[in-house]
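Values reported hereafter were calculated over all heavy atoms of this structure, with side chains retained and with hydrogens, waters and symmetry mates removed. On a predicted model such as this, the values are computed, not experimentally measured, just so you know.
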Amino acid sequence: MPTPPPVRRSKPQQPLKPARSGRFTAFVRTMWVLFGAGVLGLALFVLAVSGNFLNLFGRMPNLKSLENPRSELASEIYSADGVLLGKYFRENRTPVDFKDLPQNLIDALIATEDVRFEQHSGIDAKSVMRAVTGVLTFSHNGGGSTLTQQVAKVLFRTRGDLNDGTLNGTGKMGLLITKTKEWILAIRLERNYTKREIIRMYFNTVEYGSNAFGINTAAKTFFNKSPKNLTTPEAATLVGIVNAPGRFSPVAHPDRSRKRRNWVLRQMAKSNYITTAELAQDTAKRIVLHYSVENPSKGLAPYFRAEVVKSLLSWAKETDHDLYADGLKIYTTIDSRMQQYAEKSLAEHMTLQQKWFSQHWKGQLPWRDENGKVIPNFLVNSMRRTQRYKSLMDQYDGNRDSVNYYLHKKYKMPVFTWQGEKEMLMSPYDSLEYYKRYLQAGFMAMNPLNGQVKAWVGGPNYKFFKFDHVRQGKRQSGSTFKPIVYAAAIDQNYSPCYPRPDVATTFPAVAGRAAYTPHNFEGGFSGRTFTLRQALARSMNSITAWLVMKLGPETIATYAKRLGITSPVDAVPSMGFGTSDCSIYELCGVYSTFVNKGVHTTPIMVTRIEDKNGNVLREFVPQTKEVLSEETAFIMTNMLQASTTEPGGTSTILHTGFKFPYEIGAKTGTTSNYSDAWFMGITPDLVCGMWVGGEDRSIHFRTGTYGQGAREALPLYGLFMQKVYKDKSIGINTGPFPRPTAPLSMEIDCSKYYGGQRDTIPADQKMQVPDAGDLDDKDI
């Protein structure tokens, strides 16, 4: 029987892998490929954004900008004695050092905005994922920006200046580009700066509303404090504002701001920066504000500060500086104490003058022509010169009915009064009439020895009256011009003791001009003889007219230019009485020349400018020029003293009324119809000039009792000097005017020429006092 074939045993079969195992491997491989592609794509996208590929993504800051990030810093202007007068800014920002940031402020910020600030390197992955998820799902799960990203956003204006690529602003793509830039910049900032420096940058850059940029300005604006003195609730309030300054303003929305502050405090407690007990205590407190927004109308010397800007704009342009953004330190010549006294004295004086003026014209219209008649259509013509009228005409295409409707429509508006700002219901026409009835004034004080301006008040109130009456305003100077005539006479060897009768001087008629005979203040001529010293002291027009005739108008015009009058001077017979317009600023330069031994010094306002790091950018020195001999200058100074010491002098009240025991030179000035009242006062190291009058020449007092310079302007000087003399810290020179070292070539003691006239004081030259019957008791 055949043997059966052997049984072939097959190899044991391996268990089959599930079919899905292969699919899973393929899936994993695909995901890795996609992930790699995504990472590569992201890297390429970041690289493209960083390099602004094909200008699709907008610019990125260069390395220099990153190392020196720039934010607008307010420039600060200081007085000579180190007092901050004000700031120039578009964004009111003054930086603060990290050492001046209190810990409670830092804690509030980190707890609220970036709890993992110390752990990340510019990007917080957890916050980013939360933000991305929110964008993709259209939900709001919280922001993904770290503090560093927020600094990048503000410093480099990622949503403004850097948002200029082709793809920017296109929905989510634009947002993605912007966020990518902020991520890149955040990482770069973290590499270049410490955490402390980034916190300092944050606090110095962000906006808090109310034109407050940076914590330094915000703390002052809302609480009138420096940052280091903020309490924890105050710090939490300011940190809470940043998220939405308009929405969480404690001024506009106090309840909402308090809720936001309390949320910040709860975040601080959650991060263990404050205890539960402190949380309960702080959240129960109400927000107590000391709110004050800085603006050019506030602070000392606003008119002066506005003038400084004008004088520095050309320098800034030439040197590529921005007065409003470079954080400059501008050191001026102003003495803060004198400035305060000047502003206070002007307010005291003008309050009384305005009462008198209002009583003087009570129930009447003050705008009058040379014959005393009301000027027709005065307000209509004045309104047509205003910017409001021009704007309305443009807005309504010249339709006068529409324009007149809005000019007569009443609104609630803040109104200036000497008793304080008030809210009144007025139309633009009402407002125009109201302010036309207000007297204006200007005051300046300077050191004649170095030209430094020490006080400058350009008007009653900068907020309501922007026009500057120190340098911008120019009016007829009246008799304050006469010393220029007398200086020319002294140079022509006319002695102060030269006698001249008080008689008429007539300038003959010439082509186009009739004969001209100037009259004295009182209208007539006494026929008596006076020395030139007496004539200047009494401001006698007759003798001044004779000198103009003898010297010639052209000669006097030349002297006016030499002594510092830069405005046009008409070489006409009436010029000796100040018929040409000039400014207080110019006259102060003229009178300073007398005190400064014949050397004219152009008034200066700024001594030096420093950059934000304290480096001196420019120092200013006065421009000087010798225009008179030392002897002539001293003789003129001595003759001006006669106004305060000679019987009949127009300024004797400085010694008899104000009781000043020191040597003072002075000159009053009054123009036709009492349109302008002037006074100039000199001491060995201070020259002061002032003017009082209506905004329009047609608005003025009607009599010398009120309208002459000795009444309307001189008392302002007395009030100011009372305060200056009393303040020993100023160290004003109370000694005599220094005499020249060389003997004088002419005598100045004219007493032997007076005879019996010395004690005679013409009634019209006495200090006039208003009739008390014209005023209410409260006005006196």
Side-chain angles (χ1 to χ4, degrees), residues 92-119 124 127 140-143 145-148 150-151 154 195-196 198-294:
N92 188 7
R93 178 187 287 110
T94 302
V96 62
D97 293 330
F98 183 85
K99 62 182 177 61
D100 295 319
L101 296 172
Q103 191 60 47
N104 59 4
L105 185 66
I106 297 171
D107 293 343
L109 176 64
I110 292 176
T112 304
E113 296 292 336
D114 193 352
V115 291
R116 287 176 290 279
F117 176 68
E118 294 292 343
Q119 284 74 50
D124 182 10
S127 296
H140 300 281
N141 298 323
S145 294
T146 63
L147 284 179
T148 316
Q150 294 180 50
V151 170
V154 177
K195 292 289 186 179
R196 284 189 168 196
I198 291 170
I199 286 178
R200 180 182 64 83
M201 286 182 186
Y202 179 93
F203 278 119
N204 282 333
T205 55
V206 294
E207 180 184 359
Y208 293 83
S210 298
N211 204 19
F213 293 81
I215 190 63
N216 208 9
T217 304
K220 183 176 181 181
T221 299
F222 292 100
F223 299 109
N224 195 27
K225 289 183 176 182
S226 61
K228 62 184 177 183
N229 294 322
L230 290 170
T231 65
T232 298
E234 290 169 345
T237 300
L238 294 180
V239 167
I241 291 175
V242 175
N243 185 265
R247 177 176 173 78
F248 296 121
S249 168
V251 178
H253 306 288
D255 292 337
R256 191 181 297 161
S257 179
R258 183 175 178 179
K259 290 177 182 177
R260 175 69 177 173
R261 178 205 66 179
N262 289 350
W263 179 84
V264 173
L265 290 169
R266 287 193 295 272
Q267 296 301 108
M268 293 179 71
K270 184 178 178 180
S271 298
N272 297 317
Y273 289 127
I274 59 175
T275 65
T276 304
E278 289 171 328
L279 174 64
Q281 182 180 5
D282 290 343
T283 53
K285 293 178 180 178
R286 64 188 184 91
I287 298 176
V288 180
L289 297 176
H290 295 278
Y291 179 71
S292 178
V293 178
E294 287 189 82

Donor-acceptor pair, R200 side chain versus F98 backbone, under 3.5 Å?
no
Minimal non-hydrogen separation, T221 against S210, with atom names:
CG2-CB, 4.1 Å
OG1 of T146 to CD of Q119, rounded to nearest 0.5 Å, is 12.5 Å
pair R261-I287: side-chain heavy atoms closer than 4.5 Å:
yes
Is there a side-chain contact between K220 and E294, using heavy atoms and a 4.5 Å cut-off?
yes
Keeping N92 on the side-chain end and A212 on the backbone end, is there a donor-acceptor pair under 3.5 Å?
no
Is the shortest heavy-atom distance from the side chain of M268 to the side chain of T232 under 4.5 Å?
yes
Write down the atom of G209, the atom of P245, and the distance for their closest heavy-atom approach.
N-CB, 3.7 Å
In the structure I gave you, are the side-chain heavy atoms of P227 and D100 within less than 4.5 Å of one another anywhere?
no
Which is it for R256 and F248 under the side chain to side chain contact (heavy atoms under 4.5 Å, CB included) test, yes or no, and what are the steps along the way?
CA-CA 6 Å; R256 191 181 297 161; F248 296 121; 3.9 Å; yes
All heavy atoms of A235 vs all of L230, minimum pair found to be N-CB, 4.4 Å
Output for pair (L109 CG, L238 CG), nearest 0.5 Å, gives 11.5 Å
Could you tell me whether a side-chain N or O of K195 sits under 3.5 Å from a main-chain N or O of F117, the two making a donor and an acceptor?
yes
Taking all atoms of both residues into account, what is the closest heavy-atom pair of L279 and A269, and its distance?
CD2-CB, 3.8 Å
Walk me through whether R196 and L101 qualify under side chain to side chain contact (heavy atoms under 4.5 Å, CB included).
CA-CA 10 Å; R196 284 189 168 196; L101 296 172; over 6 Å; no
So which atom in R260 and which in N243 form the shortest heavy-atom distance, rounded to 0.1 Å?
NH2-CB, 3.2 Å
Nearest heavy atoms of S249 and A252, plus distance in Å:
OG-N, 3.2 Å
Kindly say whether Y273 contributes a backbone atom to a donor-acceptor pair with the side chain of D107 at under 3.5 angstrom?
no
Out of curiosity, R93 CZ to N211 CG, how far, rounded to the nearest 0.5 Å?
10.0 Å
From T283 OG1 over to Q281 CD, what is the distance, rounded to the nearest 0.5 angstrom?
9.0 Å
Could you grab the distance from atom NZ of K228 to atom CG of L105, nearest 0.5 Å is fine?
14.0 Å
Side chains of T231 and K225, heavy atoms from C-beta outward: is any pair under 4.5 Å?
yes
Counting N and O atoms only, with roles assigned by atom type, does the side chain of S257 sit under 3.5 Å from a partner on the main chain of H253, one being a donor and the other an acceptor?
no
Quick one: do T217 and Y208 satisfy side chain to side chain contact (heavy atoms under 4.5 Å, CB included)? Show the steps, please.
CA-CA 9 Å; T217 304; Y208 293 83; over 6 Å; no
Would you check if I110 and I199 make a side-chain contact, meaning some heavy-atom pair closer than 4.5 Å?
yes
Under a 4.5 Å cut-off applied to non-hydrogen side-chain atoms, are V242 and Y202 in contact?
yes
Kindly determine whether D282 and K285 satisfy side chain to side chain contact (heavy atoms under 4.5 Å, CB included), including the steps that lead there.
CA-CA 5 Å; D282 290 343; K285 293 178 180 178; 3.8 Å; yes
Taking side chain as C-beta onward, heavy atoms only, is V206 less than 4.5 Å from F213?
no
Point-to-point distance, once rounded to the nearest 0.5 Å, from CD of E113 to CD of Q267:
10.0 Å
